[in-house]
*Asks:* 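Here it is, the structure in full.
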There are 2 protein chains.
Amino acid sequence: MYPNLIQHIRKYVELDENDVLVLIKYIKLVSLKKKEFLLKEGQVCRSLYFVEKGCLRMFFINDKTVEQITQFALDNWWMSDYFSFMDNKPSDYYIQTVEKSEVLTIDVFSFEELLKELPQMERYFRIIMQRALAASQLKVKYMYELTKEEFYMHFCTSFPEFIQRIPQYMIASYLGLTPEYVSELRKKNF
Amino acid sequence: MYPNLIQHIRKYVELDENDVLVLIKYIKLVSLKKKEFLLKEGQVCRSLYFVEKGCLRMFFINDKTVEQITQFALDNWWMSDYFSFMDNKPSDYYIQTVEKSEVLTIDVFSFEELLKELPQMERYFRIIMQRALAASQLKVKYMYELTKEEFYMHFCTSFPEFIQRIPQYMIASYLGLTPEYVSELRKKNF
DNA sequence: TTTAAATATTAAGCTGGTTTAAGAAATCTG
DNA sequence: CAGATTTCTTAAACCAGCTTAATATTTAAA
């Protein structure tokens with residue numbers, strides 16, 4: 001049950017069979033089709049989401065017309081609007097499946113209970129947050145360092161699995177480019 | 001001793017007088033003048049830094065000429081290159097004081113020992129990382145959402161204390177603008 | 001298999017923000 | 001206080017990447 005999550009946790013902390021039984025008390029599995037929503041703007045983000053299988057995207061609506069993607073989560077990634085989750089505030093974001101997905105959810109209350117009952121999960125999430133923070137800082141560095149063309153090329157070579165699975169216009173949005181410009185770059189570079 | 005750090009920790013977890021004695025075993029105070037370095041490119045970032053008083057900036061060198069600032073840390077902020085710290089890899093960054101500062105440092109080894117001896121610190125750092133991640137995500141959102149002019153104006157109204165303490169050209173760098181363009185914006189907007 | 005919807009391409013014109021270069025003002029240092 | 005250094009301003013030329021608008025292609029649904 002939830003093999004990817006269990007394995008992921010065990011990369012960072014000890015988790016015996018009993019701990020697993022505790023863990024699964026607090027976790028819910030949600031099976032979703034393509035384009036289903038886990039969160040919409042205005043709702044409080046009440047859960048952390050772990051992608052067992054599939055792909056999520058997080059986006060907000062720019063000047064009320066354009067979807068601006070800020071994150072993707074493929075298999076074995078956590079996703080949440082942490083501000084909304086922590087402070088119980090309405091979110092500015094949507095979280096939606098990009099493809100058919102199996103998502104594990106843990107709500108605020110279960111999260112706190114789980115941390116009490118399995119203190120090593122405090123360490124696990126500390127490490128997860130720390131790694132997510134490092135990744136976020138790296139993305140910001142690339143946004144500063146690279147031209148948009150370089151940013152796109154870098155993304156293509158660094159994350160070829162995204163190029164396979166995610167429509168081009170979504171990648172454009174994630175990188176802060178227009179789809180038209182990505183078209184131009186593809187023509188130019190291949 | 002270290003009143004700001006102690007108070008900061010107590011905002012999130014319990015810390016009795018004995019715990020404080022344990023904590024200070026692992027922490028070092030460094031007093032620095034303006035423009036002193038805590039980290040230089042190529043070195044491994046071996047510590048987490050907490051600003052008791054003062055101001056730090058984190059930057060890297062762009063195409064070998066221009067300093068690109070990615071973070072500031074004022075009083076009560078933690079700063080580190082988490083990638084370098086976690087994985088023991090040479091950093092791309094410099095960390096330098098912007099003004100005379102009192103900085104608390106905790107190195108990798110002490111960090112692990114501290115977490116063993118005071119497990120509630122695992123929770124404290126989980127929350128700190130979570131908040132830093134939320135802040136980083138919010139910055140990325142603004143970078144997507146706002147024009148450079150709006151980004152600058154938003155920063156000025158949201159963080160007036162930065163405008164007081166930090167030279168204008170550093171703020172320009174942090175926001176990804178040229179100092180010349182900031183000059184133009186100031187003329188235009190006041 | 002047809003129709004509709006979603007995704008991708010092409011090309012011309014335009015603009016927000018950079019680059020370059022020079023000088024002015026403020027702040028340090030002895 | 002004087003000179004050196006750091007920080008800030010001004011203005012013109014320039015360009016990476018966007019906008020607009022029309023068409024083409026792929027995918028999904030009926």
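Naming convention: chains lettered A, B, ... in sequence-line order (proteins, then strands); numbering from 1 in each chain.
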*Asks:* Return each pair, listed once, that meets ring-ring contact (aromatic ring centres under 6.0 Å, His included) where at least one residue sits in residues 129-149 of chain B; pairs must be two or more places apart or across chains.
*Replies:* B/Tyr142-B/His154
*Asks:* Using a strict 4.0 Å threshold on nitrogen-to-oxygen distance, state whether B/Glu99 and B/Lys33 make a salt bridge.
*Replies:* no
*Asks:* Each nucleotide in nucleotides 8-18 of chain D should get exactly one letter: B, S or -. Can you fill that in based on protein heavy atoms under 4.0 Å?
*Replies:* SBBB-----SS
*Asks:* With the threshold set at 4.0 Å, does a side-chain nitrogen-carboxylate oxygen contact exist between B/Lys25 and B/Glu113?
*Replies:* no
*Asks:* Please identify the 5'-most and 3'-most nucleotides of DNA chain C with any atom under 4.0 angstrom from a heavy atom of chain A.
*Replies:* C/dT7 to C/dA11
*Asks:* Given axes from five pairs at either end, by how many degrees does the helix from C/dT1-D/dA30 to C/dG30-D/dC1 bend, rounded to 10°?
*Replies:* 60°
*Asks:* Expressed as a whole number of angstroms, how long is the span from B/Lys34:NZ to D/dT5:P?
*Replies:* 16 Å
*Asks:* When you check the side-chain N and O atoms of B/Ser136 and A/Ser136, is any donor under 3.5 Å from an acceptor?
*Replies:* yes
*Asks:* Do we see a donor-acceptor contact under 3.5 Å between the side chains of B/Gln168 and B/Arg186?
*Replies:* yes
*Asks:* Which donor-acceptor pairs under 3.5 Å do side chains of residues 43-53 of chain A form with protein atoms, sequence neighbours excluded?
*Replies:*
from: A/Gln43; atom 1: OE1; to: A/Lys40; atom 2: N; distance (Å): 2.8
from: A/Tyr49; atom 1: OH; to: A/Leu38; atom 2: O; distance (Å): 3.3
from: A/Glu52; atom 1: OE1; to: A/Asn4; atom 2: N; distance (Å): 3.4
from: A/Glu52; atom 1: OE2; to: A/Asn4; atom 2: N; distance (Å): 3.1
from: A/Glu52; atom 1: OE2; to: A/Leu5; atom 2: N; distance (Å): 2.7

*Asks:* If you measure only the distance, is there a donor-acceptor pair under 3.5 Å linking the side chains of B/Glu102 and B/Ser31?
*Replies:* yes
*Asks:* Of all residues at least two apart in sequence or in a different chain, which pass the ring-ring contact (aromatic ring centres under 6.0 Å, His included) check with B/Tyr174?
*Replies:* B/Phe72, B/Phe155
*Asks:* So that I know where these two stand, are A/Phe109 and A/Tyr26 an aromatic pair - ring centroids less than 6.0 Å apart?
*Replies:* no
